[in-house]
Amino acid sequence: SAGRATLDLTVVPASQFEARRGPGGRAVDAFEVSLESRARGAVRVRLAAEVPGGDAAIRPAELPLAPGEHRHLRVLVTVGGAPGRRAGRLEATAVPDGGGRIVRVASPITVTVPEPR
């Protein structure tokens with residue numbers, strides 16, 4: 001692609017957060033996400049998590065970013081399935097408010113599914 005992407009994504013495991021089983025026995029893990037928009041206009045960023053065999057959900061799933069804005073947030077990824085560590089990816093898709101080129105970036109993540117208590 002020509003030039004730099006208009007969306008930067010950095011993902012690291014959240015410190016001081018231990019993966020746990022939530023309601024219904026699904027595992028909840030947390031990540032610190034940094035997003036920076038270099039788009040000329042406002043965008044809506046949709047977040048998604050892909051974890052094999054896990055039927056993953058993510059919260060928040062969407063947030064606005066102003067031109068040049070840098071946001072740092074904690075996201076929660078919820079997955080089902082057997083205990084263990086699962087390699088997956090966190091994907092961010094920037095959709096310009098006024099229409100235009102959609103930009104998609106991704107980062108690898110490892111989700112921990114703890115043993116049921």
Side-chain angles (χ1 to χ4, degrees):
S1 65
R4 298 175 356 160
T6 54
L7 183 68
D8 266 352
L9 170 69
T10 307
V11 182
V12 295
S15 57
Q16 278 105 48
F17 186 94
E18 194 171 332
R20 59 179 181 259
R21 292 276 178 163
R26 287 167 60 82
V28 181
D29 208 347
F31 299 87
E32 303 289 346
V33 172
S34 290
L35 289 163
E36 184 176 2
S37 174
R38 286 195 295 274
R40 290 195 188 91
V43 297
R44 291 206 70 76
V45 178
R46 296 184 190 135
L47 298 176
E50 291 175 18
V51 182
D55 178 30
I58 194 166
R59 216 171 61 233
E62 191 172 298
L63 63 146
L65 273 185
E69 185 178 3
H70 189 158
R71 288 277 292 276
H72 186 81
L73 64 150
R74 175 171 285 193
V75 302
L76 296 178
V77 175
T78 308
V79 297
R85 288 166 63 77
R86 308 246 188 84
R89 55 192 253 133
L90 192 150
E91 195 171 84
T93 304
V95 180
D97 283 359
R101 195 164 70 91
I102 293 172
V103 175
R104 184 171 287 122
V105 292
S107 176
I109 58 172
T110 299
V111 176
T112 300
V113 179
E115 295 284 345
R117 294 201 191 284

Legend entry - Between CD1 on residue Ile109 and CD on residue Glu91, distance to nearest 0.5 Å: 11.0 Å

Legend entry - Euclidean distance, Ile102 CD1 relative to Arg44 CZ, rounded to 0.5 Å: 13.5 Å

Inset, instruction - Identify the two heavy atoms, one from Val79 and one from Val113, that lie closest to each other, and give their separation to 0.1 Å. - result: CG2-CG2, 3.6 Å

Legend entry - Check: Thr112 main-chain N/O paired with Asp29 side-chain donor or acceptor under 3.5 Å: yes

Legend entry - ILVMFWY network linking Val105 to Val51, side-chain heavy atoms under 4.5 angstrom: yes

Inset, instruction - Compare every heavy atom of Arg86 with every heavy atom of Gly53, then report the nearest pair and how far apart it is. - result: O-NH1, 4.0 Å

Inset, instruction - Please check if Val11 and Leu63 belong to a single hydrophobic cluster, counting links between Ile, Leu, Val, Met, Phe, Trp and Tyr side chain heavy atoms closer than 4.5 Å. - result: yes

Inset, instruction - Provide the closest heavy-atom pair for Phe31 versus Thr110 in the form atom of the first, atom of the second, distance. - result: CZ-O, 3.4 Å

Inset, instruction - Give a yes or no on whether Arg71 atom CZ has more than 12 heavy-atom contacts from other residues, nucleotides or ligands under 6.0 Å away. - result: yes

Inset, instruction - Decide whether Val28 and Leu90 are clustered together by the hydrophobic rule: side chain heavy atoms of Ile, Leu, Val, Met, Phe, Trp, Tyr closer than 4.5 Å, transitively. - result: no

Legend entry - Heavy-atom closest contact (Ala87 atom, Pro52 atom, distance): O-CD, 3.1 Å

Inset, instruction - Kindly compute the distance separating CZ (Arg59) from CG (Leu76), expressed to the nearest 0.5 Å. - result: 5.0 Å

Legend entry - Minimum heavy-atom distance between Pro114 and Ala19, given as atom pair plus value: CG-O, 3.7 Å

Legend entry - CZ (Arg26) with more than 12 external heavy atoms under 6.0 Å: yes

Legend entry - Minimum-distance pair of heavy atoms, taken over all atoms of Gly100 and Pro96: C-CG, 3.9 Å

Inset, instruction - Would you check if Arg89 and Pro108 make a side-chain contact, meaning some heavy-atom pair closer than 4.5 Å? - result: no

Legend entry - Side chains of Pro60 and Val75 in contact at under 4.5 Å (non-hydrogen atoms): yes

Legend entry - Arg40 atom CZ, neighbour heavy-atom count above 12 within 6.0 Å: no

Legend entry - Same apolar cluster (I L V M F W Y, side chains within < 4.5 Å links), Leu73/Leu9: yes

Inset, instruction - With the side chain counted from C-beta on, respond yes when His70 and Ser34 share a heavy-atom pair under 4.5 Å apart, and no when they do not. - result: yes

